[in-house]
Amino acid sequence: MSSNDNMILEMFKVALQLKDLWGLTHIEFDDQDQAWHVFIDFERATFNCPLCGI
């Protein structure tokens, strides 16, 4: 990945305000549709029930 690609990826991360566990894996610009395609992934995690805590 070029430094320019890295800079664009970082700008999208800041703009999307992604929190812990979430990460921007890559982005693509579709010239034909004039649209950005943003790919977000997350780290596998376990969450407790908000009612019982289990």
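Atom CD1 of Ile8 sits about 7.5 Å away from atom OG of Ser2, to the nearest 0.5 Å. Atoms CG and CZ, from Leu18 and Phe42 in turn, are 13.0 Å apart once rounded to the nearest 0.5 Å.
Note on Met11 and Ile27: separate hydrophobic clusters, where clusters join Ile, Leu, Val, Met, Phe, Trp and Tyr whose side-chain heavy atoms are under 4.5 Å apart, directly or indirectly.
A heavy-atom distance below 4.5 Å is found between the side chains of Asp30 and His37. Residues Trp22 and Glu43 have side chains not in contact (no heavy-atom distance under 4.5 Å, counting atoms from C-beta outward). Phe12 places a side-chain heavy atom less than 4.5 Å from the side chain of Val38.
Checking Asp41, Ile40, Val14 one by one against Leu24, the side chain to side chain contact (heavy atoms under 4.5 Å, CB included) holds for a single residue, Ile40.
Not one N or O on the side chain of Glu10 forms a donor-acceptor pair closer than 3.5 Å with the backbone of Met7.
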